[in-house]
Amino acid sequence: MTAKLELRDLEKRFDETVAVKKLSLSLEKGEFVSLLGPSGCGKSTTLAMVAGFETPTAGSILVDGQSVEGLPPQRRRIGLVFQDYAVFSKLSVRANLAFGLEAKGVGRAERAKAVQAIAERLDLTNLLDRRGDRLNMSEMQRVAIGRVLVTEPQLVLLDEPMSNLDAALRASLRGEMKLIQKQLQQTVLYVTHDQVEAMSMSDRIAVMSMGELQQIGTPEEIYRRPRNRFVAEFIGDPPINLIACEVQTGGGQVAVTTAGHRGLVLGRGSAPAGRHWLGIRPHDIRIGTGGSFPVRFLETLGAEEVLHVEYGGQLLQIVTPTGQAREGDRVSLQFDLRRALLIDAGSDAVLPIESFGVAA
Ligand SMILES: Nc1ncnc2c1ncn2[C@@H]1O[C@H](COP(=O)(O)OP(=O)(O)OP(=O)(O)O)[C@@H](O)[C@H]1O
Ligand SMILES: [Mg+2]
């Protein structure tokens, strides 16, 4: 039932705007892939082309190896949940959930069973008899998601389906949606600009910027081995620290000197000499006592704190367990170089360096 989706050199132009540029991407059967990127990067346009609401300017879309060119949306056997989701306001939640099944000719008893099951999963059982126009945002959004999932489409497209929900609901719905998707083995293309959503639900994440695919990989790969500066900075919260550094190479080794540290050996590899960026995530810096770097201020997250530490004219963000430092303290800093990235200041590419596996 579930389908494989392939996008080949897909492109969409609106007059001067290139909304999507040569996008190639493939989703295996049962795979959950997120399109992640800032506003205007072409996520919704991509989804609309797969759904059949926009015609590509170039390139092709294949479902199970067959081009869907020219097929109207209703013939693409795709389930869709949009940012501006639609719920029939005059129908009950039950009727809303049953609508797609009825259209597919599913019998009454089977329909009732499926509606009951999806309602339980989405916490809608108490609302089954409520009319669509009596629901709050969160309830409506869950009905919109339920309506699509219950029909078990071979391909599910979701465009920011949780954007109107509060944080707690989003968190619980993330887990629930992932479970349903796994159970039904659905192929899902999920659009979001929320990295937590993408990281927590996806098998793979496709990061886009200005219509172009920047990288596709597992959440771990995208976080630990970003290919370029855009991906490195877009993923991670608080964002990665980019520290100005001077690169020295010799004997196949790459080392850097920063405003506060000399000769940090990153590993084996090659890198163009000169000034580049050393990327270190806020979780990969340890603080110690008796150093020379002043803590300018701190933000409490609860169990952890974000320290803003002055380092050679810039502020580094460092995540530490709460209570390790106070405003005005001077601390020493230790970078976990196994996890450091060296980013070419000219091309913005992350340079390949084979780490020696030491912290320094
Ligand atoms: N119908 C249209 N006519 C003209 N330009 C459009 C049209 N639809 C989208 N665009 C442009 O194409 C680009 C990509 O838009 P798109 O809606 O795909 O971005 P998005 O990644 O979904 O953003 P958001 O996160 O804000 O929803 C934008 O520059 C947008 O202004
Ligand atoms: Mg959009």
Side-chain angles (χ1 to χ4, degrees), residues 5-27 32-61 68-70 72-73 76 78-87 137-138 140-141 144-145 147-148 155-167 169-170 173-174 177 187-202 204-217 219 222 226-237 239:
L5 171 68
E6 275 175 274
L7 313 182
R8 290 193 192 150
D9 290 329
L10 197 60
E11 202 151 300
K12 181 68 185 178
R13 292 166 190 271
F14 298 103
D15 303 321
E16 248 84 289
T17 315
V18 187
V20 178
K21 210 171 177 176
K22 284 214 169 273
L23 177 63
S24 293
L25 188 63
S26 83
L27 277 69
F32 192 123
V33 173
S34 291
L35 291 181
L36 176 67
S39 187
C41 73
K43 306 181 295 293
S44 294
T45 304
T46 302
L47 219 67
M49 287 191 281
V50 177
F53 295 119
E54 292 283 4
T55 309
T57 312
S60 49
I61 299 166
V68 296
E69 195 177 333
R76 295 192 178 194
I78 282 168
L80 270 176
V81 184
F82 278 122
Q83 213 159 350
D84 309 314
Y85 42 83
V87 166
M137 281 292 201
S138 130
M140 251 191 248
Q141 205 138 12
I145 292 170
R147 273 179 47 163
V148 168
L155 183 60
V156 182
L157 309 177
L158 299 116
D159 193 344
E160 313 243 8
M162 303 194 199
S163 51
N164 297 316
L165 304 183
D166 65 45
L169 247 167
R170 276 214 297 269
L173 210 49
R174 281 203 299 267
M177 275 194 40
T187 310
V188 174
L189 188 57
Y190 189 96
V191 162
T192 181
H193 63 261
D194 179 340
Q195 53 166 304
V196 177
E197 244 172 65
M199 295 291 263
S200 62
M201 295 197 290
S202 314
R204 287 188 301 155
I205 299 174
V207 182
M208 291 179 73
S209 166
M210 300 197 292
E212 281 187 277
L213 180 67
Q214 302 294 310
Q215 185 171 2
I216 176 157
I222 295 281
R227 274 181 37 200
N228 59 33
R229 178 174 172 172
F230 178 85
V231 178
E233 286 194 286
F234 192 73
I235 305 290
D237 182 29

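Note: hydrogens, waters and symmetry copies are ignored here, and every other heavy atom, side chains too, is used. Read the numbers this way: they start at 1 and go in the same order the structure lists the ligands and their atoms. Count residues from 1 along the sequence.
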Check: Out of Leu36, Val191, Leu173, Thr192, which residue meets the side-chain contact (heavy atoms from CB on, under 4.5 Å) rule with Glu197?
Finding: Thr192
Item checked: Nearest-option assignment for atom 25 (O) of ligand 1, heavy atoms, candidates His193, Lys43, Lys12, Met49 -> Lys43
Notebook entry, point to check: Polar-atom distance check: Cys41 versus ligand 1, any N or O pair below 3.5 Å?
Noted result: yes
Checklist line | Partner residues of Arg170 under the side chain to side chain donor-acceptor pair (under 3.5 Å) criterion, sequence neighbours left out | finding: none
Note to self: Can you confirm whether Pro38 sits close enough to Phe234 that some side-chain heavy atom of one is under 4.5 Å from a side-chain heavy atom of the other?
What the structure shows: yes
Next item on the list: Indicate if the distance from the Mg ion (ligand 2) to the nearest N, O or S atom of Ser44 falls below 2.8 Å.
Entry: yes
Note to self: Only heavy atoms of Thr45, strictly under 4.0 Å: list the atoms of ligand 1 that pass.
What the structure shows: 9 (C), 14 (C), 15 (O), 16 (P), 18 (O)
Note to self: Rounded at 0.5 Å granularity, tell me how far OG in Ser24 sits from CG in Leu10.
What the structure shows: 8.5 Å
Margin query: Nearest non-hydrogen contact with atom 23 (O) of ligand 1 belongs to which option: Ser44, Gly40, Gly37?
Written below: Gly40
Check: Which pairs, with at least one residue in residues 33-57 and sequence neighbours excluded, count as a salt bridge (charged side-chain N to carboxylate O under 4.0 Å, His left out)?
Finding: Lys12-Glu54
